[in-house]
Amino acid sequence: MPGALSSFRICDFTGQLAGAGATKWLASFGAEIIRIEDPVREGRWDILRGTPPFIDDRRGIDLGGAFNNHNTDKLGITLNLRDEKAKEILAELVRVSDVVSENFAKGVLERWGFGYEQLKAIKPDIVYVSNCGFGHVGPYSDFRTWGPIVQAVSGLTFSSGLPGLEPAGWGYSFMDHTGAYYMAMAIMLALLHRQKTGEGQWVDLACSESALTLHGPALLDWTINANPMRREGSPHSNRNQWPPMAPHGIYPTLGNDEWVAIACRNESDWDALCSVIQRPWLTDKAFATHEDRLNQQDALDQHLSGWTKDQTKYEIETALQNVRVPVAAVLTPEERIDRDPATGSFGLWPTVQHREMGEVRVDGQPVHFSKTDWEMTHGAPCLSEHTMDVLTRVLGYSEEEVTQLTAEGVI
Amino acid sequence: MTALSGLRVVELANERIAFTGKLMADMGADVILVEPPGGDPSRSYPPFLDNKPGPDRSLYWWHYHTSKRAIALDLDDLEGAKTFQKLMATTDVLIEAEPRDRLSNLQLDYPTLSEIKRDLIHLAVTTHGRDDPRSDLPATDLTIMATSGPPWSCGYDDHSLPPIRGPLQGYQTAAHFAYMSALTALLYRGVSGEGQFIDVSMTAASNVSTEAATYSWLVAQKTVQRQTGRHASVSPSGETQQLCADGRYANTGVPPRFPHEFKALYDWLKSLGLDQQLPEAVFLEMGAEWQGPFDLSLIGQDDAITAIFGAGRAALQLIASSVSAQDFFLGCQQAGLAAGAVNSPEEAFEDEHFKARGFHVPVRHEDIDRTITYPGAPYRFEKTPWSIYRRAPKLGEHTAEVLAELDP
């Protein structure tokens with residue numbers, strides 16, 4: 001079965017998650033992703049190549065679990081771009097590619113002689129998507145970032161936390177995931193434009209700018225009403241502002257570090273919650289209307305926590321689901337991956353075959369297409385795993401020539 | 001010509017997919033929002049224009065519905081359903097987040113609609129996917145995130161405090177996947193002429209967007225634990241958030257790892273006159289003069305390397321506590337260190353970098369005779385720029401216009 005994107009070839013310099021996550025999406029729908037790495041540094045620019053988690057006691061640049069997760073079904077080749085012959089090979093590859101993608105610091109490709117102007121000279125309709133923290137244009141374009149820095153400067157770290165405490169932020173690189181999604185969108189939008197017009201283009205993606213768009217109406221509340229998020233009692237990010245709900249939060253349950261999320265959107269949710277809880281405080285006049293409850297959220301949360309703490313999160317989840325109140329147990333990784341039958345039956349954790357690691361489960365895609373669904377079968381490429389295949393099959397070199405280029409340190 | 005011009009997208013109004021429609025509309029698609037005659041409930045969500053509630057004053061609505069047209073249509077009514085079928089004959093992409101049986105009960109499901117429009121792309125967004133009955137249970141952004149991973153990893157070192165949700169992101173992560181799916185299907189339609197049905201699960205979207213929490217379990221059956229302001233981790237890691245002299249926080253990022261970074265940090269410390277306050281400063285000097293690369297695996301084992309890296313962290317903490325968060329950010333970046341100020345959204349919005357990139361976008365609201373500044377583009381396209389084409393529509397604002405287009 002042809003993949004939805006199997007007519008596209010990507011000359012891919014991306015790494016880490018913010019870049020590799022983008023081409024992972026494209027690969028899972030059949031695009032041919034040719035990942036280019038530096039043989040001299042053994043691809044270590046992508047720090048995930050040799051870092052934990054590991055499947056067993058073995059260590060090495062082909063064994064990083066995160067690298068495998070983000071690079072499924074890609075081809076991996078090496079080119080030593082300090083060498084002129086390697087540059088010629090890269091130019092040949094660009095000539096037969098639809099897209100060049102990268103998430104280096106600004107200026108790296110230019111230094112190698114493959115900036116956008118040079119790429120266009122090689123392939124006039126090339127789509128070039130660059131992705132870095134602050135983008136290639138603007139006063140901070142030379143600054144360096146990682147996911148947590150992007151989240152800090154863009155307001156996402158601040159928006160996640162409790163009043164009076166320092167920001168809780170994100171316990172992972174949310175913007176590496178999400179930056180990768182915007183990069184995938186950018187690549188596909190530019191390809192759609194090219195499909196219609198024959199024109200290529202450059203997309204300058206700045207992860208911090210994509211992040212800034214994710215505050216929703218908070219920025220209009222600032223530009224129109226001058227209401228800042230940095231104010232007394234704010235943020236209180238488990239509570240909901242738009243629309244306001246009460247009670248609305250994450251509450252302790254029986255057990256160690258066990259929690260449940262509960263949300264009452266309106267009077268009928270509240271009535272349904274009351275029918276399950278049946279405690280005297282529910283009839284307190286202070287909690288009579290939705291408006292009252294919004295004004296008394298601290299007191300409400302205290303009472304509700306008193307009720308939740310003596311039951312398991314699953315007991316509460318079942319009881320409130322039965323009366324149709326929005327509720328969810330806060331799940332641990334093990335619970336959502338191996339004990340929630342739904343994620344398994346959705347096919348969310350496919351097993352791929354990695355040359356060195358063998359069978360490993362990875363993040364799948366949260367969608368299903370009726371005709372051209374995604375597929376993940378191969379793990380991430382080991383360093384230079386597909387150099388011979390790509391140079392012979394795609395670029396027409398003979399095996400002897402590839403062997404010679406390897407001996408010369410070109411590839 | 002824009003990336004999505006010439007495409008018609010129909011969005012059945014629902015707060016869960018509003019962002020997907022906005023992303024497509026701002027790239028030039030003709031997005032037609034179909035609302036029941038009473039209007040979508042999110043038209044009344046705060047915040048409000050000038051802090052006053054009222055019709056057409058919801059900034060929530062304004063934000064999520066830029067560049068769209070809106071028609072009012074009662075799908076439960078026979079005439080309304082017929083009009084909808086007529087509209088679908090001209091539609092490229094349908095996005096909906098209806099209860100699972102609703103469209104089949106109305107005989108407006110994919111098998112019927114794809115008879116009307118052979119190459120239709122139909123995106124159905126549910127909380128747990130089309131095959132899971134839990135998709136018909138009530139859910140909010142918070143409950144969707146709780147069940148699918150993010151809060152487990154977010155919060156404080158003190159685990160008596162609840163796990164934390166970053167607001168809106170459960171909905172928005174799902175919206176990103178719906179959009180990516182639409183673009184993927186459109187590219188395939190471009191080469192094959194075929195449409196298809198796409199099942200998008202909101203909980204699955206967050207489930208695959210939690211980085212090490214998921215793959216530490218998948219690969220090594222290890223569980224990460226949340227920590228204040230930094231990555232949840234299987235083993236506890238050092239703090240990265242630092243209170244600055246102006247009461248704001250900074251993220252100290254990755255401490256120096258190379259001799260030139262130690263030199264830049266030491267020079268900065270001296271220029272602030274703080275070197276005398278840091279007994280470990282001598283180790284910064286040692287780091288600056290180190291020959292060859294550091295073997296990071298020796299941190300904790302080799303006394304010199306341990307002292308040098310400890311001094312790097314200590315120097316960053318001392319500087320952060322002596323300057324403002326913004327000065328800390330700029331100083332670190334000038335020294336080549338990836339660090340950042342923890343900005344509030346409005347502080348980020350007012351930052352000169354984003355202003356210089358054109359992130360402040362004026363949008364005319366002719367009905368109230370005001371020009372409003374909106375947040376700008378998530379990406380910069382050279383030839384097919386993102387744009388806000390019009391303010392969010394009023395209820396049924398384009399009903400007559402769209403119906404006239406269907407019956408010319």
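Hydrogens, waters and symmetry mates are skipped; everything else that's a heavy atom, side chains included, is used.
A salt bridge does not link B:E346 to A:R230: none of the charged nitrogens lies less than 4.0 Å from a carboxylate oxygen.
The residue among B:Y188, B:Y110, B:Y374, B:F19 with the most heavy atom pairs within less than 4.5 Å of chain A is B:Y188. Ranked by heavy-atom pairs under 4.5 Å with chain A, the list B:S216, B:A339, B:P151 is led by B:A339. Put simply, of B:G376, B:S58, B:A213, B:A174, the one with the most heavy-atom pairs under 4.5 Å next to chain A is B:A213. Per-residue counts of heavy-atom pairs under 4.5 Å with chain B were compared for A:R144, A:R361, A:H193, A:Q365; the largest is that of A:R144.
B:W152 is not listed as a side-chain neighbour of A:L331, based on a closest heavy-atom distance of 4.5 Å or more. A:Q195 has its side chain within reach of B:L187: a pair of non-hydrogen atoms, C-beta onward, lies under 4.5 Å apart. A 4.5 Å side-chain heavy-atom check between B:T214 and A:P333 finds every atom pair outside the cut-off. At a threshold of 4.5 Å between non-hydrogen side-chain atoms, the residues A:Y172 and B:C154 count as touching. Put simply, the side chain of B:Q241 reaches to within 4.5 Å of the side chain of A:T157, judged on heavy atoms. Looking only at side-chain heavy atoms (C-beta outward), A:D204 and B:R357 come within less than 4.5 Å of each other. With contacts defined as side-chain heavy-atom distances shorter than 4.5 Å, the pair B:P375/A:T213 does not qualify. Using a 4.5 Å heavy-atom threshold, the side chains of A:M245 and B:T140 count as touching.
Here the side chain of B:D132 pairs no donor or acceptor atom with the backbone of A:A342 at under 3.5 angstrom. Checked by atom type and distance alone, the side chain of A:S210 pairs as donor or acceptor with a backbone atom of B:P378 at under 3.5 Å. In this structure, B:D199 contributes its side chain and A:H368 its backbone to no donor-acceptor pair below 3.5 Å. Between the side chain of A:S370 and the backbone N or O of B:F197 there is at least one donor-acceptor pair closer than 3.5 Å. With hydrogens and angles disregarded, a donor-acceptor distance shorter than 3.5 Å links the side chain of A:N238 to the backbone of B:P163. When atom types are taken as modelled, the side chain of B:Q196 and the backbone of A:T372 share a donor-acceptor pair closer than 3.5 angstrom. Using a distance-only test at 3.5 Å, with no hydrogens or angles considered, no donor-acceptor pair links the side chain of B:K222 to the main chain of A:P53. B:Q169 places a side-chain N or O within donor-acceptor distance of the main-chain N or O of A:L214, the cut-off being under 3.5 Å. No donor-acceptor pair under 3.5 Å is formed between the side chain of B:Q333 and the backbone N or O of A:Y140. For the pair B:K383 (side chain) and A:E199 (backbone), a donor-acceptor distance under 3.5 Å is absent.
Around CG of B:D131, the count of heavy atoms belonging to other residues, nucleotides or ligands within 6.0 Å does not exceed 12.
With a threshold of 4.5 angstrom between heavy atoms, B:R226 approaches chain A through side-chain atoms but not through N, CA, C or O. For B:D351, the part sitting under 4.5 Å from any heavy atom of chain A is the side chain, from C-beta outward, and nothing else. For B:V234, no part lies under 4.5 angstrom from a heavy atom of chain A. B:M27 touches chain A through its side chain: at least one heavy atom from C-beta onward sits under 4.5 Å away, while N, CA, C and O do not. Heavy-atom distances place both the backbone and the side chain of B:I164 under 4.5 Å from chain A. For chain B, the nearby part of A:L5 is the side chain; its heavy atoms alone come within less than 4.5 Å. For B:S148, the part sitting under 4.5 Å from any heavy atom of chain A is the backbone (N, CA, C, O) and nothing else. Using a 4.5 Å cut-off between heavy atoms, B:F349 contacts chain A through both its backbone and its side chain. Contact of B:S160 with chain A is made through the backbone alone, with heavy-atom distances under 4.5 Å. Using a 4.5 Å cut-off between heavy atoms, B:L161 contacts chain A through both its backbone and its side chain. For chain A, the nearby part of B:T2 is the backbone; its heavy atoms alone come within less than 4.5 Å. For B:R189, no part sits under 4.5 Å from any heavy atom of chain A, backbone or side chain. Looking at B:I144, neither its backbone nor its side chain comes within 4.5 Å of chain A, counting heavy atoms on both sides. Using a 4.5 Å cut-off between heavy atoms, B:A377 touches chain A through its backbone atoms (N, CA, C, O) alone. In this structure, the portions of B:A205 lying under 4.5 Å from any heavy atom of chain A include both its backbone and its side chain.
Ring geometry for A:H70 versus B:Y215: interplanar angle over 60°, hence perpendicular rather than tilted (30 to 60°). Taking the six-membered ring for Trp and thresholds of 30 and 60 degrees, A:Y182 and B:H176 have ring planes more than 60 degrees apart, a perpendicular arrangement.
Residue A:L220 forms a side chain to side chain contact (heavy atoms under 4.5 Å, CB included) with just one option from B:I372, B:L49, B:T373, and that option is B:I372.
The CG atom of A:L189 sits 7.0 Å away from atom OG1 of B:T384, with the distance rounded to the nearest 0.5 Å. Expressed to the nearest 0.5 Å, how far CD of B:E211 lies from NE2 of A:H177 amounts to 5.5 Å.
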Stepwise salt bridge (Lys or Arg N to Asp or Glu O under 4.0 Å) check, B:D136 with A:R324: CA-CA 10 Å; B:D136 293 332; A:R324 298 189 64 79; over 6 Å; no

Full working for side chain to side chain donor-acceptor pair (under 3.5 Å) between A:Y128 and B:E382: CA-CA 10 Å; A:Y128 168 52; B:E382 181 197 16; over 6 Å; no

Verdict with reasoning, B:S42 to A:W242, per side chain to side chain donor-acceptor pair (under 3.5 Å): CA-CA 9 Å; B:S42 71; A:W242 319 303; over 6 Å; no

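Not less than 6.0 angstrom separates the ring centroid of A:Y181 from the ring centroid of B:Y179. For A:W202 and B:F381, the gap between ring centers reaches or exceeds 6.0 Å.
At a cut-off of 3.5 Å, with distance as the only test, no side-chain donor of B:Y379 or A:E209 sits close to an acceptor on the other residue. Using modelled atom types, one finds a donor on one side chain and an acceptor on the other under 3.5 Å when comparing B:T210 with A:R336. Judged by distance alone, the side chains of B:N207 and A:D363 never bring a donor and an acceptor atom under 3.5 Å apart.
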